[in-house]
Every structure is written in C-alpha cells, then in structure tokens.
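The next block holds one structure in the form of structure tokens; read it before the comments.
Excluded from the calculations below are hydrogen atoms, water molecules and symmetry mates; all remaining heavy atoms, backbone and side chain alike, are included. Each chain gets a letter, A, B and so on, in the order its sequence line appears, and its residues count up from 1.
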2 protein chains.
Amino acid sequence: VSDLERPGSTPRTRIRRLPHHAVVDSDALRDILDRGLVAHVGFVGEDGAPYVIPVAYARAGNRMLFHGSTASRTFRALGAGTPACATVTIIEGIVLARSAFESSMNYGSVMVLGRCEVVEGEAKLAALERISEHVAPGRWAELRPPKPQELKATRVLALPLDECSVKVNLDGPDDPPDDLDQPVWAGTVPLRRSWGRPLAAPDLRFDLPPPTYIAGWRADRV
Amino acid sequence: VSDLERPGSTPRTRIRRLPHHAVVDSDALRDILDRGLVAHVGFVGEDGAPYVIPVAYARAGNRMLFHGSTASRTFRALGAGTPACATVTIIEGIVLARSAFESSMNYGSVMVLGRCEVVEGEAKLAALERISEHVAPGRWAELRPPKPQELKATRVLALPLDECSVKVNLDGPDDPPDDLDQPVWAGTVPLRRSWGRPLAAPDLRFDLPPPTYIAGWRADRV
C-alpha cells in the first residue's frame with residue numbers, strides 16, 4: 001500500500017521524552033490507525049477547557065475520516081475548523097521489569113494534530129463507506145444505500161495526516177545492570193484480542209446465519 | 001466497594017446527544033475505570049491547541065491517579081493545574097444494524113474534567129503502588145521499593161472524579177420498523193480480550209516461572 005505519504009514532523013509533534021520510542025515510519029502509523037476502532041479526539045471548548053471524545057474513524061490515504069451527527073456540538077466545532085488532536089493507542093501488553101520504575105506497557109500510539117474539513121457530495125458517501133468498511137469489513141455491500149435524510153443528519157470530517165507523531169514501544173523490560181540480580185521474573189504479558197460468537201438481534205426476522213465475512217476480520221482490533 | 005461517591009454532573013458534562021446513553025451510575029463508572037489501562041488525557045498547550053496523550057492511571061476512591069516523568073512537559077503542565085480532560089473508553093463489540101446509519105459499537109466511556117493536583121510525600125508512594133497494582137495486580141509486593149532518585153524522577157498527579165460523565169451503549173441494533181424487513185443478518189459481534197502466554201525477558205538470570213498471580217488477572221482489560 002503506497003497511499004500514505006511520509007507523515008510530517010513539526011516542532012510540536014517532535015517527541016521530547018523518550019525519543020528512542022519515536023518512530024518516523026509510515027508502516028507503524030498505518031498499522032496502528034488500521035487496527036484502532038476509535039480515536040480519542042481532543043478540542044478546546046468554548047469555555048477554553050479541553051474535551052476528549054471517542055470517535056469512530058477510518059484512515060483513507062493521507063487522511064483520517066470521522067462521522068457524527070450534524071446535531072453534535074463536537075462535530076459542529078470540529079467542522080468549523082477548531083484545532084483538533086486525534087490520538088489512537090493500542091496496548092500490546094504489560095511489561096514486568098525488575099522494578100516498578102522500569103515497568104511499563106508495550107504499546108503503539110499515533111497523535112495527529114490539525115484542523116478538520118467537512119466532506120460533502122460524492123466524497124461524503126465514499127467516506128461513509130470507508131468508515132463502515134474500517135469498522136465492519138464486508139458489511140457495506142449488503143446494506144441498503146443511505147437515505148437522503150440519513151446523509152443530511154450525518155457530518156463527515158477529514159483530518160489530514162500532515163502533522164503527526166508515532167510512538168511504539170515493543171521492547172519488553174529494560175532494567176539497569178544493578179537490577180538484573182533482583183530475584184523476580186521479568187518479561188512481558190501480551191494482551192490479546194479476538195472476536196466472540198456473533199449474537200443475533202432479538203428482533204431478527206429471518207433465519208439467517210451471521211455473515212461469513214466476520215470470520216475474515218482481523219483479530220487484533222482494539 | 002463503597003469508596004466511590006456519586007460522580008458530579010455539571011452543565012458541561014451533561015450529555016446532550018443521545019441522552020438515553022447517559023448513565024448516572026457509579027458502578028458503571030467504576031467498572032470502566034477499573035478495566036481500562038490507559039486514559040487519553042487532553043490539555044491545552046502553550047500554543048492554544050489541544051493535545052491528547054495516553055497515560056497509565058489507576059482509580060483510588062474518588063480520584064484518578066497518574067504517574068509520569070518530572071521531565072515531561074505534559075506532566076509539568078498538568079501538575080501546574082492546567083484544565084484537563086481524561087477519557088477512558090472500552091469497546092465491547094461491533095453492532096451490525098440493518099443500515100449503515102444505525103450501525104455502531106457497544107462501548108462504555110468515562111470523561112473526567114478538572115485540574116490535577118500533585119501528590120507528594122507518603123501519599124505519593126501509596127499512589128505509585130495503587131497504579132502498579134491497577135496495571136499488574138500482585139506485582140508490587142515482590143519488587144524492591146522505589147529508590148529515592150526514582151521517586152524524585154516521578155511525578156504523581158491526582159484528578160478528582162468530581163465532574164464526569166459516563167456513557168454506556170450495550171443495546172445492540174436498534175433499527176426503525178421499516179428496516180426490519182431488510183434481508184440481512186443483524187446483531188452484535190463481541191470484542192474479547194485475553195492475556196497471552198508470558199514471554200520471559202532475554203536477560204532473565206534465574207530459572208523462574210512467570211508469577212502465578214498473572215493467572216488471576218481479569219481478562220477484560222483494555
């Protein structure tokens with residue numbers, strides 16, 4: 001996949017702490033964004049305070065796409081171009097070092113800074129399909145098309161991946177030499193994900209099995 | 001557990017959209033905060049833009065506790081009392097409705113607004129134990145105590161749960177009547193978590209098995 005250009009680094013996304021965890025790697029950025037289900041989107045409210053909201057998203061090329069209600073104050077503010085920060089984090093496991101101080105988590109995290117633009121017209125429908133396919137791959141093709149009033153009630157936003165940082169820590173414990181004789185086990189406990197058995201809606205009218213495409217969903221979504 | 005008082009609701013945490021998803025329920029708040037591993041913490045930077053950072057935390061009674069480096073700009077700003085928003089979200093599954101418009105996710109999310117206070121002295125050590133036990137229950141007791149220079153390099157912050165909102169959606173599809181004859185399966189695909197097999201650090205010096213307390217960790221952490 002070559003649809004993601006090298007993400008931009010600027011002084012405000014340069015990672016100051018633990019710079020060895022900084023990654024200038026489109027593959028890592030793409031992997032994290034393609035596995036996450038929600039981004040935590042921050043913006044500054046009218047009262048000057050920060051707000052952080054979980055929002056479904058998809059990555060499409062060099063942009064993140066979001067959808068929400070046109071009645072949502074958050075989506076109105078974001079659609080008006082207020083500065084935004086969208087962060088997606090995947091916890092991969094717990095790192096048990098020989099000290100509490102060195103103990104940590106394995107994780108990957110992407111932080112994107114910028115301003116959203118409203119997506120309209122044909123691009124809006126394509127964006128909704130992209131978000132649907134990100135969350136539930138295979139579903140879109142078997143659903144009826146969105147109705148005009150549904151499209152009208154939905155706002156779609158795009159946030160360019162121009163200014164972002166990627167942090168990845170998958171190294172396990174990194175104890176200083178004088179802790180290596182501590183008489184405790186050290187290592188990593190991985191956090192796994194999997195899809196459970198699909199549960200039919202109580203009001204399902206047809207004797208249909210769950211869609212077969214669910215079996216193809218990657219298990220490492222979060 | 002009766003250590004959590006009823007969380008406060010204020011005009012700015014009142015849920016305006018989809019108010020039927022709002023929960024004024026300390027049990028739901030406690031469950032979400034006790035299962036999460038990181039909070040996404042938002043604050044307004046010196047440039048006036050929002051930043052959202054994943055931070056390990058624990059709940060202790062009516063507060064969230066965070067720890068980070070004293071050298072971290074984020075922790076300096078938060079410790080100085082800049083307004084903060086800490087959000088913890090747990091995705092429980094994908095909701096496949098009969099239309100893309102009604103499709104969604106099952107989830108629980110807690111948003112806490114307020115200002116952090118720096119935790120010092122004996123309370124600081126207790127807070128570090130609490131965070132360690134939140135992330136890796138059972139670990140603290142077998143580790144050496146933190147060294148003075150480790151305590152000095154660590155900042156501990158507390159955010160009161162005075163002003164927060166809880167949103168929970170576990171209902172599955174809720175299609176309008178005229179969609180119920182759509183010839184598609186509808187229901188929920190649960191997202192499960194589990195702990196993988198512990199991986200020993202390559203520099204482990206003793207022939208120790210992984211700690212037995214790992215087997216007691218609840219599997220629904222995220």
Exercise for review: Heavy atoms only, distances under 4.5 angstrom: which of V184(A), V38(A), T74(A) has the most pairs with chain B? Name it, please.
Suggested key: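 Between V184(A), V38(A), T74(A), the count favours V184(A).
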
Practice item. Supply the atom-to-atom distance H40(B) NE2 to C85(A) SG, rounded to the nearest 0.5 angstrom. Key: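 The SG atom of C85(A) is 9.0 Å from NE2 of H40(B), to the nearest 0.5 Å.
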
Taking the side chain as every heavy atom from C-beta outward, state whether [X] and [Y] have any atom pair closer than 4.5 Å.
X	Y	result
P190(B)	L199(A)	yes
V52(B)	V41(A)	no
L37(A)	L191(B)	yes

Between [options], who has the most heavy-atom pairs with chain A when the cutoff is under 4.5 Å?
options	answer
G172(B), S132(B), P211(B), P146(B)	P211(B)
W185(B), W140(B), W195(B)	W185(B)
E142(B), R192(B), H67(B), R197(B)	R192(B)
R144(B), Q182(B), R193(B)	R144(B)

Exercise for review: Answer yes or no: does atom CD of E46(A) have more than 12 heavy-atom neighbours from other residues, nucleotides or ligands under 6.0 Å?
Suggested key: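 No.
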
Review point. Above 12 or not: heavy atoms from other molecules or residues under 6.0 Å from CD of E122(B)?
Key: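 No.
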
**Study point:** Minimal non-hydrogen separation, G42(B) against P50(A), with atom names
**Key:**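 For G42(B) versus P50(A), the nearest heavy atoms are O-CG, 3.5 Å.
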
Point to revise | Non-neighbouring partners of F66(B) that pass ring-ring contact (aromatic ring centres under 6.0 Å, His included), sequence neighbours left out | key: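 So F66(B) forms no ring-ring contact (aromatic ring centres under 6.0 Å, His included) with any residue.
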
Point to revise | Residues Y51(A), M111(B); criterion side chain to side chain contact (heavy atoms under 4.5 Å, CB included); working and verdict | key: CA-CA 8 Å; Y51(A) 292 83; M111(B) 181 178 80; 4.2 Å; yes

Exercise for review: Please flag which part of D179(B) lies under 4.5 Å from any non-hydrogen atom of chain A: side chain, backbone, both or neither.
Suggested key: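 The answer is the side chain of D179(B).
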
Check your understanding: If you check every heavy atom in residues 202-210 of chain B against those of chain A, which residues fall under 4.5 Å?
Key ->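 When heavy atoms of chain A are the reference, residues 202-210 of chain B contributes D203(B), L204(B), R205(B), F206(B), L208(B), P209(B), P210(B) within the under-4.5 Å range.
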
Practice item. Pull out the residues in residues 89-105 of chain B that come under 4.5 Å of chain A, heavy atom to heavy atom, sorted by number. Key: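 Hits under 4.5 Å: T89(B), I91(B), I94(B), L96(B), A97(B), R98(B), S99(B), A100(B), F101(B), M105(B).
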
Review point. Within the side chain of T87(B), is there an N or O that forms a donor-acceptor pair under 3.5 Å with the backbone of I53(A)?
Key: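 Not a single qualifying donor-acceptor pair exists.
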
Review point. Among residues 212-221 of chain A, which residues come closer than 4.5 Å to chain B, judged by heavy atom distances?
Key: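 Heavy-atom contacts from residues 212-221 of chain A to chain B are I214(A), W217(A), R221(A).
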
**Study point:** Contacting moiety of V222(A), where chain B heavy atoms sit under 4.5 Å
**Key:**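 Answer is backbone: N, CA, C or O of V222(A) sit under 4.5 Å from chain B.
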
